[in-house]
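For reference, the structure is listed below as structure tokens.
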Amino acid sequence: MLDRFALPMFAAPHRLVAKACLRMNLSPNFVTVTGTLIGLTAAPLIATHCYGFALALILINRFLDGVDGTMARTGMVGPTDRGAFLDIVCDFLFYAAVPLGFAFAAPANALPAAVLLASFIGSSSSFLAYASIAAKRGETNPSYPNKSIYYLGGLTEGTETIVTFCAMCLWPQHFATIAYVFAAACAVTTVTRIYFGTKSLD
């Protein structure tokens with residue numbers, strides 16, 4: 001819901017870092033993988049209750065996720081199918097790792113983490129299913145012109161997810177409440193995406 005407003009706010013710093021990476025002859029895919037490894041490292045930090053360090057790595061991961069796309073669009077090679085594939089796979093690996101880290105952090109977190117991960121399956125599968133069909137139909141979403149695949153919006157998008165992860169790291173004692181609330185929001189996203197998909201596709 002907020003991505004269309006949040007993404008332009010970071011366009012300038014993304015371009016600045018992207019240009020620096022290109023001058024160092026780094027590839028967008030290298031930045032994607034590096035950012036993913038940084039983000040995945042947050043999970044064991046969360047599991048060992050190092051929430052402050054985990055929060056820092058989560059924010060770095062998300063910033064680099066914007067840098068790699070900017071590099072691809074401004075570099076000489078341009079966006080590639082390989083880069084788009086790698087980017088979306090790494091995003092979902094990261095999204096799954098953070099709740100898993102909280103599940104290891106405390107036994108009481110296991111059930112809310114499982115519910116949250118189940119809600120992620122619904123929102124991500126409806127997102128990817130529509131994107132695959134939209135690609136065959138040659139459709140694009142003008143609200144997200146820089147996305148490499150059809151970006152089907154919803155109540156919970158990347159921005160909401162990161163805000164939620166940050167809240168979990170800042171107030172880990174309230175993880176269960178935050179997880180259940182966000183899982184419910186993801187369920188709403190899944191329902192609305194299914195409704196939109198079944199209405200718009202024949």
Side-chain angles (χ1 to χ4, degrees), residues 1-11 28 32 35-36 39-40 58 61-62 65-66 68-70 72-73 78-100 102-103 109-168 175-202:
M1 184 174 66
L2 297 178
D3 279 7
R4 69 185 68 187
F5 307 109
L7 294 175
M9 295 173 56
F10 294 94
T32 299
T36 301
L40 293 178
I58 288 171
N61 168 273
R62 290 298 84 195
D65 183 61
D68 58 3
T70 303
R73 290 188 295 273
T80 65
D81 291 341
R82 177 186 297 173
F85 170 78
L86 191 62
D87 182 69
I88 195 68
V89 169
C90 288
D91 278 350
F92 284 120
L93 288 174
F94 164 74
Y95 289 144
V98 173
L100 184 62
F102 278 99
N109 289 344
L111 180 57
V115 172
L116 181 58
L117 288 170
S119 74
F120 282 178
I121 294 295
S123 60
S124 60
S125 62
S126 57
F127 171 87
L128 293 173
Y130 190 88
S132 65
I133 296 171
K136 292 195 301 182
R137 296 158 63 101
E139 296 179 0
T140 57
N141 190 338
S143 297
Y144 303 94
N146 293 327
K147 296 295 184 180
S148 54
I149 63 175
Y150 190 100
Y151 196 88
L152 185 59
L155 180 62
T156 55
E157 298 174 350
T159 301
E160 291 81 7
T161 305
I162 298 312
V163 170
T164 299
F165 286 174
C166 290
M168 290 172 174
F175 169 79
T177 300
I178 297 170
Y180 284 134
V181 169
F182 195 65
C186 287
V188 172
T189 298
T190 301
V191 171
T192 56
R193 282 175 174 167
I194 291 173
Y195 176 82
F196 175 83
T198 53
K199 286 291 185 180
S200 62
L201 301 174
D202 50 29

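Model, not experiment: these values are computed from the prediction.
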Out of curiosity, [X] [atom1] to [Y] [atom2], how far, rounded to the nearest 0.5 Å?
X: Leu40; Y: Cys90; atom1: CG; atom2: SG; value: 8.0 Å
X: Arg193; Y: Ser200; atom1: CZ; atom2: OG; value: 12.5 Å
X: Asp81; Y: Leu86; atom1: CG; atom2: CG; value: 12.5 Å

Original post:
Hey, mind stepping through Asp65 and Asp87 against side-chain contact (heavy atoms from CB on, under 4.5 Å) and telling me if it holds?
Top reply: CA-CA 8 Å; Asp65 183 61; Asp87 182 69; 2.9 Å; yes
**OP:** Would you name the heavy atoms of Thr70 and Gly66 that are closest together and state the gap between them?
**Re:** OG1-O, 2.9 Å
**OP:** Grab the two heavy atoms, one from Ala110 and one from Ala103, that are nearest each other, plus how far apart they are.
**Re:** CA-CB, 4.2 Å
Measure the shortest side-chain to side-chain distance between [X] and [Y] over non-hydrogen atoms and say whether it is less than 4.5 angstrom.
X: Phe94; Y: Ile58; result: yes
X: Phe165; Y: Pro99; result: yes
X: Leu116; Y: Met168; result: yes
X: Leu111; Y: Tyr180; result: yes
X: Glu157; Y: Ile162; result: no

Original post:
Between Arg73 and Asp68, is a salt bridge (charged side-chain N to carboxylate O under 4.0 Å, His left out) present by the stated rule, with each step listed?
Top reply: CA-CA 9 Å; Arg73 290 188 295 273; Asp68 58 3; over 6 Å; no
Subject >> The single option from Ser125, Ser124, Ser123, Ser119 passing side-chain contact (heavy atoms from CB on, under 4.5 Å) against Thr190 >> reply: Ser123
**OP:** Indicate the ring-plane relationship of Tyr130 and Phe196, choosing parallel, tilted or perpendicular according to the 30° and 60° boundaries.
**Re:** tilted
**OP:** Assess whether side-chain contact (heavy atoms from CB on, under 4.5 Å) is satisfied between Phe92 and Leu128, documenting all intermediate values.
**Re:** CA-CA 11 Å; Phe92 284 120; Leu128 293 173; 3.8 Å; yes
Original post:
What do the steps show when you test Val89 against Phe85 for side-chain contact (heavy atoms from CB on, under 4.5 Å), and what is the final call?
Top reply: CA-CA 6 Å; Val89 169; Phe85 170 78; 3.8 Å; yes
**OP:** Just do the side-chain contact (heavy atoms from CB on, under 4.5 Å) check on Thr161 and Phe182 with the steps written out, would you?
**Re:** CA-CA 8 Å; Thr161 305; Phe182 195 65; 3.5 Å; yes
